[in-house]
Amino acid sequence: NSATPVVEGQFAPANGWQTIRFNGSKRGRFVAIQALSSQSEKPEVAIAELYVRDADGNRLSRESWTVKYADSEEINRGNFTGDKVFDLQESTYWQSARKSPLPHLLVIDLGSEQTISALDYLPRAESSAPGSIKSFKIFVY
């Protein structure tokens, strides 16, 4: 989709939740996160969990979420598919395939049109947070 990103920037090189607030609320059914680079400078990226927040800043239920598209998933070393970003388990994660070139894109179908104001991102829990995203773009459509 050639839509304009609602926000672009860089995540901090750290473990733990990071919240990216949009410049105002956006309405859409799909949220896409495009990873442009990783903290390690390697082409692989990973996301342990994602949430989106409504116009009041509350986390939306992820019960109806599905993966609309993932440009790359690491399926040869286990189960690291896109649906792991909303499975309520911080120890599982989506990971792009090894040596698959950047950028990487993950598109989540929220199940219905929503008004959202922010995205919460959790990198992998290991001490070095392998696969952490550095530069990103977020789209809502």
Side-chain angles (χ1 to χ4, degrees), residues 1-75 77-141:
N1 188 305
S2 62
T4 303
V6 295
V7 66
E8 51 189 305
Q10 292 189 347
F11 289 113
N15 291 92
W17 286 98
Q18 298 182 47
T19 300
I20 302 301
R21 296 188 195 326
F22 306 161
N23 186 14
S25 296
K26 306 298 178 192
R27 188 133 180 96
R29 177 176 178 146
F30 301 97
V31 173
I33 183 165
Q34 184 179 38
L36 304 173
S37 65
S38 72
Q39 298 290 348
S40 69
E41 303 300 326
K42 294 181 181 177
E44 298 89 20
V45 297
I47 300 172
E49 293 288 316
L50 289 177
Y51 276 97
V52 293
R53 294 181 179 261
D54 66 16
D56 296 322
N58 301 307
R59 285 182 169 176
L60 292 173
S61 170
R62 301 183 301 176
E63 224 173 279
S64 61
W65 288 19
T66 57
V67 174
K68 179 72 174 172
Y69 175 79
D71 80 302
S72 175
E73 296 177 314
E74 182 57 75
I75 56 176
R77 295 187 311 116
N79 193 1
F80 301 112
T81 54
D83 60 328
K84 300 304 178 235
V85 304
F86 52 86
D87 68 353
L88 299 172
Q89 297 188 37
E90 295 180 3
S91 62
T92 63
Y93 49 89
W94 164 68
Q95 182 172 309
S96 61
R98 286 189 171 200
K99 299 182 182 174
S100 177
L102 289 159
H104 294 297
L105 182 68
L106 181 65
V107 181
I108 304 296
D109 181 346
L110 303 175
S112 64
E113 196 167 280
Q114 303 286 330
T115 301
I116 59 177
S117 63
L119 178 134
D120 294 342
Y121 158 78
L122 182 68
R124 287 175 56 184
E126 293 89 345
S127 62
S128 63
S132 292
I133 296 170
K134 184 176 182 180
S135 297
F136 66 84
K137 292 181 182 179
I138 298 171
F139 301 85
V140 177
Y141 55 97

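Being a predicted model, the structure only gives us computed values, none of them experimental. If you read the sequence from its start, that first residue is 1, and numbering goes on from there.
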Check this for me: does any side-chain nitrogen of one of Arg124 and Glu126 sit under 4.0 Å from a carboxylate oxygen of the other? yes
Residue pairs meeting side chain to side chain donor-acceptor pair (under 3.5 Å), one or both in residues 12-23, sequence neighbours left out, come to Thr19-Asp120
Item checked: Side-chain donor or acceptor of Ser72 paired with backbone N/O of Ala97 under 3.5 Å -> yes
Between Ser135 and Gln10, the two heavy atoms sitting closest are OG-NE2, 3.3 Å
Rounding to 0.5 Å, atoms CG (Leu50) and CD1 (Ile20) come to a distance of 11.0 Å
In short, Pro43 meets Pro101 closest at the heavy-atom pair CB-CA, 4.3 Å
Review point. What's the verdict on side-chain contact (heavy atoms from CB on, under 4.5 Å) for Leu122 and Tyr51, showing C-alpha distance, side-chain angles and the deciding distance?
Key: CA-CA 9 Å; Leu122 182 68; Tyr51 276 97; over 6 Å; no
Note to self: If you define the side chain from C-beta out and look only at heavy atoms, does anything of Leu119 sit under 4.5 Å from Phe136?
What the structure shows: no
Side chains of Ile138 and Pro5: does their closest heavy-atom pair fall under 4.5 Å? no
TODO: Verify, without hydrogens or angle tests, whether Gln39 (side chain) and Phe11 (backbone) share a donor-acceptor contact under 3.5 angstrom.
DONE: yes
Closest heavy-atom pair, Gly82 versus Val67, reported as atoms and distance to 0.1 Å, is C-CG2, 3.4 Å
Value for CH2 (Trp94) from CG (Asp83), rounded to nearest 0.5 Å, stands at 12.0 Å
On a heavy-atom basis, the closest approach of Tyr93 and Ala46 is CD1-CB, 4.0 Å
Item to check | Trace of the side-chain contact (heavy atoms from CB on, under 4.5 Å) decision for Gln114 with Leu60 | outcome: CA-CA 9 Å; Gln114 303 286 330; Leu60 292 173; 3.9 Å; yes
Practice task
Take Leu88 and Arg62, measure what side-chain contact (heavy atoms from CB on, under 4.5 Å) needs, and give me the verdict at the end.
Solution key: CA-CA 9 Å; Leu88 299 172; Arg62 301 183 301 176; 2.9 Å; yes
The reported gap from CG in Leu102 to CD in Glu44 (rounded to nearest 0.5 angstrom) is 8.5 Å
Smallest heavy-atom separation, Tyr121 atom then Ile133 atom, equals OH-N, 3.0 Å
Residues Asp54 and Ser117: closest non-hydrogen pair is O-OG, 2.6 Å
Which of Arg53, Arg27, Lys26 passes side-chain hydrogen bond (donor to acceptor under 3.5 Å, both in side chains) with Thr115? It is Arg27
Task: Backbone of Val45 reached by a side-chain donor or acceptor of Ser38 within 3.5 Å - done: no
Taken in chain and number order and not counting sequence neighbours, the residues that satisfy side chain to side chain contact (heavy atoms under 4.5 Å, CB included) with Ser61 are Glu63
Q. Does the pair Val107 and Tyr141 meet the rule for a side-chain contact (heavy atoms from CB on, under 4.5 Å), with working shown?
A. CA-CA 10 Å; Val107 181; Tyr141 55 97; 3.3 Å; yes
d(His104 NE2, Ile47 CD1) to nearest 0.5 Å is 11.0 Å
Value for OG (Ser91) from NZ (Lys84), rounded to nearest 0.5 Å, stands at 10.5 Å
So salt bridge (Lys or Arg N to Asp or Glu O under 4.0 Å) across residues 95-111, not counting sequence neighbours, yields Arg29-Asp109
Q) Side chain of Ser64, backbone of Leu110: donor and acceptor closer than 3.5 Å? A) yes
dist Ile116:CD1 -> Asn58:CG (nearest 0.5 Å) comes out at 13.5 Å
